[in-house]
Amino acid sequence: MDSTRVTEHPTSHERRQPSAARPTAPADPRGALLRTPEPPVPGSAGLPAQGRIAGTPAPPGATDMPVPDARAAATGTPAASGPPAGSEGPPAPSGGHGPADPPAGSGPGRSQPSAREPGPHRPRPVPEAIVTQPGAEASVQQSGKDRRTGQSPAPGAPMPMRRDGDRLRFVGAATRRIARGIDLDEIVMGLCRATVPTFSDAILVYLRDPLPVGDERPTGPVVLRLRRTDRIPEDRDTEGFLLPALQPEPDVGVTAELCTVRPGGALNEVLRGVRPVFADAPAARAALPELIGDDLTVPGGQRAILAPLRGRRRVIGAALFLRRPDRPAFETDDLLVAAQLATHSALGIDKAVLYGREAYIADELQRTMLPETLPRPTGVRLASRYLPAAETARVGGDWYDAIPLPGSRVALVVGDVMGHSMTSAAIMGQLRTTAQTLAGLDLPPQEVLHHLDEQAQRLGTDRMATCLYAVYDPVAHRITIANAGHPPPVLLHLGGRAEVLRVPPGAPIGVGGVDFEAVELDAPAGATLLLYTDGLVESRLRDVWTGIEQLRERIAATAQLTGPDHPPPLEALCDEVLDMLGPGDRDDDIALLAARFDGIAPSDVALWHLDPEDSAPGRARRLARKALSRWDMEELTDSVELLVSEVVTNAVRYATRPVTLRLLRTDVLRCEVGDDVPQLPRLRNARATDEGGRGLYLVNKLARRWGATRLSTGKVVWFELNHG
């Protein structure tokens, strides 16, 4: 019996196997007597054996199905035509000879070894497409016409599937190809490539626009959009009929067509019926013009199949399979093939849409948990990076943050919640929000970690995280750091020397009952501080301390490229740090925060302490005028005197301790007034009869920016003005 090797390439050919012995004709299990066919003519191959649909006469010259196996004849059991659908076996060796092949020199009519002869069983390779069979092509060349239709097929055209085994193998190969896709486009392309040209000459795939997700119920009319088409290139006239002139891989954005499914219309009835139908069915004849429009025509008779695509909940589209008039028409069993292809494709599309929605939710969750943009505080420049563990795990517990604090200071935070899931991301979001709230209270770093530890315990007993919290003061050029089980930061000095800062490690957040210790270190101008999570330095290939040392060496080597007097750019430095990761080093999320300390020079800072008395506003105006004159900023004198007088007047009205006044000259002029009253001022519109209440209104109108921040010992009101 001939066995057909099937591949995904329409130009591949089958490999003939040795013919089976021809025993006497046994009785068909259904009661029909099968006759032994005549030996094939030497030098030519016969058409593959096939069954006929009951009730159809045999074409002229056709022979009945031969018995494929001598063992089947001896036992009276039908022989299997191939492996079961979905199974795969090893391919035959090159040349088609296996361990059980007869000796060389045997003719084409030699028989297979008998049942008593030992020999290994060689399963058939699983086909992935049905292509033109060499034996059938030779037979057609002899007779000149197809035995079933009486027509002469075009040279090289794929032959139809005539056996149930062919259809089973094709469906198995096609569904495997469809199942390979993970997104919507891959699944639809897999359906098109699996069916053209093996099953049909052209295919049009329509999907709902928009596609429903999960259990949601779309509102409005059902709209189908042409998602993809595929076809055999038109290279000849097919009896005056041409398939729809569509490119094999069209640009959907250009050639996309919309079709509105009318309630109660013919197309709606076909889609509700779910089952594939031939184009000559009454319902399909009325539905096809509604689907493809009146400008396009489809072949007549049973040369087109319209198959609804039904997902888990509802119909999500339709597929139209077409054959040319010079090809054999579809058979009744081909409706079952179309139904299988439509079912597998629709379920795959449903899963792809759900996966896409989950990926979108994960991306949105991670994006909102991390800062969208970094602030630009005075005296420090910032850069950051975040990399998920993998594309399939887009959310995790790593985070970073930069929080402006009163007095031109900035809090630098990096943390890592254990795990890579939605739960880890949710806990990370709560801890990050808590850290921002605590930073707004201007608590010391060790106190912030203590409150984070309490918050983690309230979230659950197994909520563990590591965190490093640092506060940089650009005026004092100092940085205060507290650590909770996190890898230590690395400081790159201006000369190119990189060092790992000695910070007490502390216990992770969530342990409870532990104290955290803060250290204060120098932060010279031009230095760069790198905060990171353990995913950057720890993996299956190295331990954490080896990774930290490699990170330090990589930073120092990068700094040597720019020279001792010029630190490397922050963005380029972050990219160089991430380039140290190898293919096997991505076991965890990575969060990286780099801070370049520019600082504020002492000559650009003016600080005074004013007693809370009635003469304080006048003194504040005189001091501010002298500072502006020293900085050559006399053009701001009038505005600064007015605003300083208003803010200091509000401060001394309720303060019991000396009021602080500080001017900072950077790219803007910043004024800060601090007192010991925790109540924050509120902007309001004063009435015509009110004596006060207009000070903050003037600040809001004249200042570039302004704000008020509550401290542990009071508050600070600040405003900024542009200069030169």
Side-chain angles (χ1 to χ4, degrees), residues 365-366 368-371 374-375 377 382 384 386 395-406 409-473 479-489 501 503-521 529-536 544 588-593 595 709-712:
L365 177 62
Q366 190 69 60
T368 54
M369 293 300 180
L370 296 175
L374 291 174
L382 302 172
S384 63
Y386 175 81
V395 293
D398 293 17
W399 90 91
Y400 62 89
D401 212 342
I403 310 169
L405 299 178
R409 296 172 300 155
V410 59
L412 307 174
V413 190
V414 64
D416 182 6
V417 178
M418 297 182 181
H420 308 91
S421 63
M422 292 288 188
T423 303
S424 301
I427 296 173
M428 177 267 286
Q430 296 182 66
L431 293 180
R432 177 173 177 249
T433 302
T434 303
Q436 289 180 331
T437 304
L438 296 172
L441 299 177
D442 198 28
L443 297 178
Q446 65 272 20
E447 291 296 325
V448 173
L449 295 183
H450 176 73
H451 289 291
L452 284 177
D453 180 65
E454 292 181 342
Q455 175 67 11
Q457 295 180 63
R458 285 191 292 267
L459 296 176
T461 56
D462 57 345
R463 308 309 188 193
M464 305 288 291
T466 62
C467 183
L468 192 144
Y469 188 93
V471 175
Y472 170 65
D473 189 345
I479 185 169
T480 306
I481 306 175
N483 191 6
H486 204 78
L501 298 183
V503 180
I509 291 174
V511 173
V514 295
D515 293 331
F516 299 98
E517 182 180 354
V519 294
E520 188 174 353
L521 305 172
L529 183 70
L530 265 74
L531 308 179
Y532 53 90
T533 56
D534 57 356
L536 180 64
V544 60
D588 198 359
D589 300 356
I590 296 175
L592 175 65
L593 180 63
T709 306
R710 183 179 286 110
L711 305 178
S712 57

Side-chain donor/acceptor of Y469 to backbone N/O of V414, under 3.5 Å: no
Validation row: L529, Y472 side chains within 4.5 angstrom (heavy atoms): no
Shortest non-hydrogen contact from N483 toward F516: O-CD2, 3.7 Å
Audit row: I590, Y532, side chain to side chain contact (heavy atoms under 4.5 Å, CB included) steps and yes/no: CA-CA 7 Å; I590 296 175; Y532 53 90; over 6 Å; no
Pairs meeting criterion salt bridge (Lys or Arg N to Asp or Glu O under 4.0 Å) with involvement of residues 411-426, two or more places apart: none
Sidechain-backbone polar pair: D453 side chain, G510 backbone, donor-acceptor under 3.5 Å: yes
Residue pair L412 / L382: nearest heavy atoms and the distance that separates them: CD2-CD2, 3.9 Å
Side chain to side chain contact (heavy atoms under 4.5 Å, CB included) against Q430, all qualifying residues, sequence neighbours excluded: Q455, L459
Separation of I427 CD1 from W399 CH2 (nearest 0.5 Å): 11.0 Å
Any side-chain heavy-atom pair of P487 and D534 under 4.5 Å: yes
From I479 atom CD1 to D473 atom CG, the distance as rounded to the nearest 0.5 Å: 10.5 Å
For the student: nearest non-hydrogen atoms of P489 and V503, plus distance: CD-CG2, 4.2 Å
pair P375-V410: side-chain heavy atoms closer than 4.5 Å: no
Residue pair L431 / C467, side-chain heavy-atom distance below 4.5 Å: no
Close side-chain approach of T480 and P444, heavy atoms under 4.5 Å: no
Side-chain donor/acceptor of H451 to backbone N/O of A435, under 3.5 Å: no
CE-OG1 distance between M428 and T433, expressed to the nearest 0.5 angstrom: 9.5 Å
S424 side chain to M418 backbone, donor-acceptor under 3.5 Å: yes
Pairs satisfying salt bridge (Lys or Arg N to Asp or Glu O under 4.0 Å), at least one member in residues 427-449, at least two apart: D401-R432, R409-D442
Taking every non-hydrogen atom, the tightest pair across V471 and P445: CG2-CG, 4.0 Å
Side chain proximity check, V511 to M464, heavy atoms < 4.5 angstrom: yes
Any D515 side-chain heavy atom under 4.5 Å of H450 side chain: no
Gap separating the CZ atom of R463 from the OG1 atom of T423, nearest 0.5 angstrom: 6.5 Å
L531 vs Y400, side chain to side chain contact (heavy atoms under 4.5 Å, CB included): CA-CA, chis, key distance, verdict: CA-CA 9 Å; L531 308 179; Y400 62 89; over 6 Å; no
P406 to L711 - nearest heavy-atom pair and separation: CG-CD2, 3.3 Å
